[in-house]
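Take a look at the structure set out below.
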There are 2 protein chains.
Amino acid sequence: MDGYDKYAHEPFAVTVDLAVFTLRDAALHVLLVERGQEPYAGRWALPGGFVQPDESAETAARRELAEETGLSDVSGLHLEQLRTYSEPGRDPRMRVVSVAFAALLPDAPEAHGGSDAADARWVPHGTAGPLAFDHDRILADAHDRVGAKFEYTCLATAFCPPEFTLGELQQVYETVWGTELDRPNFRRKVLATPGFVEAVPGAARLTGGRGKPAALYRAGTATALHPPLLRPTREGRPA
Amino acid sequence: MDGYDKYAHEPFAVTVDLAVFTLRDAALHVLLVERGQEPYAGRWALPGGFVQPDESAETAARRELAEETGLSDVSGLHLEQLRTYSEPGRDPRMRVVSVAFAALLPDAPEAHGGSDAADARWVPHGTAGPLAFDHDRILADAHDRVGAKFEYTCLATAFCPPEFTLGELQQVYETVWGTELDRPNFRRKVLATPGFVEAVPGAARLTGGRGKPAALYRAGTATALHPPLLRPTREGRPA
DNA sequence: CCCTTTTATAGTCAGTACGACTATAAAAGG
DNA sequence: CCTTTTATAGTCGTACTGACTATAAAAGGG
């Protein structure tokens with residue numbers, strides 16, 4: 001890193017791209033914007049924008065998160081840097097290096113209410129055709145990362161409202177992983193992990209529809225899962 | 001990402017920084033360069049450099065890896081993107097966004113043999129005082145990441161020569177984690193994981209010094225570890 | 001109002017994995 | 001020859017997990 005002046009260094013534009021997930025009707029949704037101009041006009045793209053001169057990528061990402069979701073307070077939301085995408089041809093107009101982030105929301109208020117008219121929309125995951133730029137790749141990487149972190153962290157509660165049932169928490173896992181889990185075993189595991197969830201003391205209950213009311217829980221203070229909660233082995237057919 | 005021309009976007013310099021690890025005499029070593037000029041003159045720093053206009057960060061990182069280690073072929077080495085550091089004040093001279101990488105080498109040829117005189121040196125981990133810029137943070141993050149990946153991947157063999165004993169592999173784990181492992185249990189776990197290591201058929205053996213000769217193994221084809229090989233629980237004192 | 005359906009919760013049981021430990025084998029050093 | 005050192009084999013009890021059965025408490029339909 002010596003001798004900056006000895007090297008010719010081209011200027012790069014630095015942006016952030018956000019893969020923002022939420023759960024709606026037990027289906028994974030992603031926040032997307034429709035592009036109005038070339039390149040990729042008419043295609044869906046991940047929300048994002050330029051990092052300003054006085055911002056870190058994290059600051060820019062949280063600012064974009066607030067702008068695109070229309071939420072007034074995004075300070076408590078889970079936002080995590082994924083990785084940086086820097087292939088020379090990824091934006092045909094100029095040399096853009098993009099720091100990608102993943103964000104998780106509990107509920108899904110319709111997005112484009114913001115005064116700045118960020119016309120972002122919640123789109124069911126997988127239904128938005130090929131995205132602009134390399135955003136399909138970014139989105140897939142984000143989904144992989146979130147799924148992997150579910151195994152050894154308590155991240156799943158970031159999709160849940162402040163109070164939730166164990167059935168809802170299990171739904172979160174099943175939706176993100178795309179698998180089904182055994183309900184008694186899931187209960188046992190979650191309750192056996194200290195700090196994952198804590199029972200709402202008022203023995204409060206919630207009626208979602210048919211069956212017996214379920215006890216309510218809040219997210220606990222733990223962040224890691226020891227031992228991990230592994231998804232069902234996908235070694236069903238080994239080669 | 002619409003409307004590039006509506007935003008004022010300052011140019012950024014984009015660099016890569018490398019945390020290159022190797023094992024020497026059962027001690028973790030890091031490749032560092034001594035800074036010759038301000039800022040941080042005389043301090044150690046991670047090797048790195050600017051991303052060229054026609055390069056991705058990954059390409060730049062592998063090029064720097066070859067330059068700084070002096071190795072002619074770095075194509076087989078493990079090189080992995082860590083994350084991007086973009087705090088506005090991290091370089092006092094200019095706005096620099098740095099994509100950090102971690103690399104693992106089996107053996108440690110003394111580095112600065114390269115014709116380009118990259119004067120990088122192998123320094124025992126933890127002995128190089130405070131590093132320049134935010135490189136202490138980057139190095140710590142890299143070490144954390146490598147240690148964490150040891151739990152659920154076969155990455156540890158990246159530190160080993162083509163043929164190695166189980167004792168040497170255990171040394172790798174113990175050095176990176178800073179803990180001691182039970183030898184029989186470690187054997188059982190490694191050998192029970194299909195594809196982690198494969199025995200060298202010639203019943204070959206190696207004498208390191210005193211005791212009974214050990215069987216030789218090669219790295220297998222597996223990359224993941226299911227179930228993971230967790231390090232001894234550091235919950236010795238819970239709060 | 002009873003009976004079925006649905007969901008929540010409790011509990012059982014066997015197989016696996018793992019930590020702690022003991023025992024044997026094969027080399028080097030004195 | 002005996003001790004030390006390292007490699008390898010095996011044992012035992014516990015914790016965790018997958019698969020499963022059973023009971024409780026609600027809604028809905030006849």
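All values derive from a computational prediction rather than experimental measurement. Chain A is the first sequence line, chain B the second, and so forth, proteins listed ahead of strands; every chain is numbered from 1.
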| request: Give the rounded distance in Å between these two atoms: CZ of B:Phe186 and C1' of D:dG10. | output: 19 Å

| Among D:dT8, C:dT7, C:dA20, which nucleotide sits nearest the side chain of B:Asp182? | C:dA20

| task | Respond yes when some side-chain nitrogen or oxygen of A:Arg188 is under 4.0 Å from OP1 or OP2 of D:dT17, and no when none is. | result | no

| request: Go through A:Arg90 and A:Asp17 one step at a time and tell me if the salt bridge (Lys or Arg N to Asp or Glu O under 4.0 Å) criterion holds. | output: CA-CA 13 Å; A:Arg90 60 181 295 277; A:Asp17 283 319; 3.5 Å; yes

| Does C:dT5 have OP1 or OP2 sitting under 4.0 Å from an N or O in the side chain of A:Arg210? | no

| request: Measure the distance from CZ on A:Arg231 to P on D:dT17 and round it to the nearest whole Å. | output: 16 Å

| message | Before you tell me yes or no, could you show the steps for B:Gln81 and B:Val99 under side-chain contact (heavy atoms from CB on, under 4.5 Å), namely the whole-Å CA-CA distance, both residues' side-chain angles and the distance that decides it to 0.1 Å? | response | CA-CA 7 Å; B:Gln81 190 186 129; B:Val99 186; 3.7 Å; yes

| Complementary nucleotide of C:dC18, counting Watson-Crick and G-U pairs under 3.5 Å | D:dG13

| A:Lys189 side-chain N/O to D:dT17 phosphate OP1/OP2 under 4.0 Å | yes

| query | Starting at CZ of B:Arg187 and ending at C1' of C:dA17, how long is that distance when rounded to a whole Å? | reply | 18 Å

| task | Counting Watson-Crick and G-U wobble pairs only, both distances under 3.5 Å, name the nucleotide matched with C:dA27, or none. | result | D:dT4

| note | A:Asn185 CG to D:dC20 C1', in whole Å, measures 9 Å

| message | Please pick, from D:dT17, C:dA27, C:dT9, the nucleotide with the shortest atom-to-atom distance to any side-chain atom of A:Pro227. | response | D:dT17

| task | Could you tell me whether the side chain of B:Trp177 and the main chain of B:Arg231 form a donor-acceptor pair under 3.5 Å? | result | no

| message | Rounded to whole Å, how long is the line connecting atom CG of B:Leu229 with atom C1' of C:dG19? | response | 13 Å

| Under the criterion side-chain contact (heavy atoms from CB on, under 4.5 Å), which of A:His135, A:His125, A:His143, A:Arg121 is the partner of A:Val30? | A:His125

| message | What's the closest nucleotide to the side chain of B:Lys212 if the choices are D:dA19, C:dG19, C:dA26? | response | C:dA26

| note | In whole angstroms, the gap separating C1' of C:dA17 from NE2 of B:His226 amounts to 15 Å

| C:dG19 P sits how many Å from B:Gln170 CD, rounded? | 12 Å

| request: Measure from NZ or CZ of A:Arg83 to the centre of the six-membered ring of A:Tyr85, then state whether that distance is under 6.0 Å and the direction lies within 45° of the axis. | output: yes

| query | Rounded to the Å, how far apart are A:Glu174 CD and C:dT7 P? | reply | 12 Å

